[in-house]
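What follows is one structure encoded as structure tokens, with my remarks underneath.
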Amino acid sequence: MNNPIETDIIIIGAGPTGLFTVFEAGLLKLRCHLIDYLPQTGGQLTEIYPKKPIYDIPGFPEVLAGELVDNLMKQIEPFKPGFTLGERTETVEKMENGRFKVTTHKGTVHIAPVIAIAGGLGCFEPRKPPIENIGDYEERGVEYIIKEPELYRNKRIVIAGGGDSALDWTIYLAQLASEIIIIHRRKGFRGALDSVEKVEKLAESGRIKLVTEAQVAGLGGEGKLQWVEIEQTGEENYRLEADHFIPLFGLSPKLGPIGDWGLDIDRSAVEVNTFDYSTNVPGIFAIGDINTYPGKLKLILCGFHEATLMVQSAFKIIHPEKKVQFKYTTVNGVEGF
Ligand SMILES: Cc1cc2nc3c(=O)[nH]c(=O)nc-3n(C[C@H](O)[C@H](O)[C@H](O)COP(=O)(O)OP(=O)(O)OC[C@H]3O[C@@H](n4cnc5c(N)ncnc54)[C@H](O)[C@@H]3O)c2cc1C
């Protein structure tokens, strides 16, 4: 085992529920490490609706989803949580000493006596275009999520898609890449008007190339991607040289590996005891959108409440010899590590 990450609570999912768990655990002097498949924190709020106002967070008459995530990140700073981002939690094993070993798809190992699953709707999986050999080029020139923009500096890039993600990344990468071609099935784009205008201006200035009523039908190259084949209305199929092909057709949530950890599952959600949101496996809790119980509502504030109760039981598992000291923050303040 290569240098495992050891902590008190491993939190699977860095959405609002997972982030707030760090705060409530921190008040009890418990350390946390968050794992998320997405390259950034915030879960659905960052991935699906960062610019939408939310109206039902207590004390905030209105707050943008992205701002709420920024505030949560600030609120947990004193407790110095660890992060493993861009990695999907794949396996959970109970070790002989009673602790859990949690391993990601990239082989990063985490060890803790308690796991909090805050996995929301599950892992967001990219919608992949139906190109026969696309699997051969994944991580060899084909990427569905842009994790590290620097990878594209001075590279020839083909982006496919017509929504906000395709437009926003085209605008951003136009500063870095040596060549960008954006391929879209229809004539018009679906994204925000402002982004559409920016992309059209970049095309007019020759900085990028727009190919509409077209799609990528094939990929080729020796050991890594070297060209894409374009199928365009009214044209013979043709090849374009490319170092990277980035299809941005959106992400859809799937329960994923969470379904294989021996937990009681009901309709893609983890069944819990509402006393403390514990699952049928002692030491594993499930909070936020991922759990189900009579009367469950998939709301951010419910996730916050569940996290608050859950850490009380987590404390008893981690420190069976100690009593939980319940104190108001107005009395004790927020003492970080
Ligand atoms: C358009 C829209 C508007 C909404 N508006 C509101 C609103 O106004 N008010 C409100 O209260 N709620 C609203 N919601 C619902 C709210 O976003 C959810 O209740 C909230 O995001 C749940 O938080 P969470 O932390 O439980 O899960 P999520 O935000 O879904 O985060 C879960 C995280 O877990 C990660 N994950 C899952 N499985 C794994 C794994 N195996 N390994 C690693 N990582 C994993 C995922 O990548 C994800 O980042 C809205 C939702 C949508 C889609």
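We count ligands from 1, going down the list as the structure has it; atoms in each ligand are counted the same way. Excluded from the calculations below are hydrogen atoms, water molecules and symmetry mates; all remaining heavy atoms, backbone and side chain alike, are included.
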Practice problem: Supply the atom-to-atom distance Glu24 CD to Thr308 OG1, rounded to the nearest 0.5 angstrom. | Solution: 3.5 Å

Exercise. Check whether NZ of the Lys or CZ of the Arg Arg88 lies under 6.0 Å from the centre of the six-membered ring of Tyr37 and within 45 degrees of that ring's axis.
Key: yes

Exercise. Give the numbers and elements of all ligand 1 atoms closer than 4.0 Å to a heavy atom of Ala118.
Key: 32 (C), 33 (C), 34 (O)

Quiz item: Counting N and O atoms only, with roles assigned by atom type, does the side chain of Asp36 sit under 3.5 Å from a partner on the main chain of Ala14, one being a donor and the other an acceptor?
Solution: yes

Self-check item: Element-labelled atoms of ligand 1 that are located less than 4.0 Å from some non-hydrogen atom of Thr89
Solution: 40 (C), 41 (N), 42 (N), 43 (C)

Quiz item: Is there a donor-acceptor pair under 3.5 Å between the side chain of Tyr137 and the backbone N or O of Gly221?
Solution: yes

Quiz item: Considering only heavy atoms of Leu121, which atoms of ligand 1 have at least one such atom less than 4.0 Å away?
Solution: 30 (O)

Quiz item: Which of parallel (below 30°), tilted (30 to 60°) and perpendicular (above 60°) describes Phe23 and Phe79?
Solution: perpendicular

Exercise. Using a strict 4.0 Å cut-off to heavy atoms of Leu45, name the atoms of ligand 1 that fall inside it.
Key: 17 (O), 21 (O)

Self-check item: Any N/O pair Ile48/ligand 1 closer than 3.5 Å
Solution: no

Practice problem: Output, in order, the C-alpha distance, side-chain angles, deciding distance and verdict of side chain to side chain donor-acceptor pair (under 3.5 Å) for Thr104 and Glu87. | Solution: CA-CA 6 Å; Thr104 68; Glu87 299 189 28; 2.5 Å; yes

Quiz item: Ile208 and side-chain contact (heavy atoms from CB on, under 4.5 Å): which partner among Leu173, Ile182, Ile159, Ile181?
Solution: Ile182

Quiz prompt | Geometric class of the Tyr152/His244 ring pair [parallel <30°, tilted 30-60°, perpendicular >60°] | solution = perpendicular

Quiz item: For atom 34 (O) of ligand 1, what's the nearest protein heavy atom and its distance?
Solution: Gly13 CA, 3.2 Å

Quiz item: If you measure from atom 28 (P) of ligand 1 to every heavy atom of Gln44, Glu306, Gln40, which option wins on shortest distance?
Solution: Gln44

Quiz prompt | Exam field: side chain Gln175 to backbone Tyr172, donor-acceptor pair closer than 3.5 Å | solution = yes

Exercise. Just need the protein heavy atom nearest to atom 11 (O) of ligand 1, so name the residue and atom and give the distance.
Key: Ile300 N, 2.9 Å

Quiz item: For atom 9 (N) of ligand 1, what is the nearest protein heavy atom, given as residue, atom name and distance?
Solution: Asp56 OD1, 2.9 Å

Exercise. Give the residue, atom name and distance (to 0.1 Å) of the protein heavy atom nearest atom 8 (O) of ligand 1.
Key: Ile54 CG2, 3.5 Å

Quiz item: How far does NE2 of His184 sit from CG of Leu167, to the nearest 0.5 angstrom?
Solution: 8.5 Å

Self-check item: N or O pair under 3.5 Å between Thr17 and ligand 1
Solution: yes

Self-check item: Sub-4.0 Å heavy-atom approach of Glu87 to ligand 1
Solution: yes

Practice problem: Give the residue, atom name and distance (to 0.1 Å) of the protein heavy atom nearest atom 44 (N) of ligand 1. | Solution: Tyr37 N, 3.1 Å

Quiz prompt | Ile258, portion touching ligand 1 at heavy-atom distance under 4.0 Å | solution = side chain

Self-check item: Selection from Gly122, Gly120, Cys123, Gly119 by shortest heavy-atom distance to atom 39 (C) of ligand 1
Solution: Cys123

Quiz item: Just going by heavy-atom distances, which of Gly15, Gly256, Pro39 is nearest to atom 31 (O) of ligand 1?
Solution: Gly15

Quiz item: Would you find a donor on one side and an acceptor on the other, under 3.5 Å apart, between the side chain of Arg207 and the backbone of Ala203?
Solution: no

Exercise. List every atom of ligand 1 that sits less than 4.0 Å from any heavy atom of Leu38, numbering the atoms from 1 in the order shown and giving each element.
Key: 47 (O), 49 (O)

Quiz item: Does an N or O from Tyr49, backbone or side chain, lie closer than 3.5 Å to an N or O of ligand 1?
Solution: yes

Self-check item: Contact (N/O only, under 3.5 Å) between Lys52 and ligand 1
Solution: no

Quiz item: Is there a donor-acceptor contact under 3.5 Å from the side chain of Ser195 to the main chain of Gly191?
Solution: no

Self-check item: Nearest-neighbour protein heavy atom for atom 19 (O) of ligand 1, which is reported as residue plus atom name and distance
Solution: Asp289 OD1, 2.8 Å

Quiz item: Out of Asp36, Leu34, Ile35, Leu299, who gets a non-hydrogen atom closest to atom 35 (C) of ligand 1?
Solution: Asp36

Quiz prompt | Verdict with reasoning, Asp289 to Gln44, per side chain to side chain donor-acceptor pair (under 3.5 Å) | solution = CA-CA 10 Å; Asp289 277 14; Gln44 294 172 52; 3.0 Å; yes

Quiz item: Which ligand 1 atoms, with their elements, are less than 4.0 angstrom from a heavy-atom of Gly288?
Solution: 26 (O)

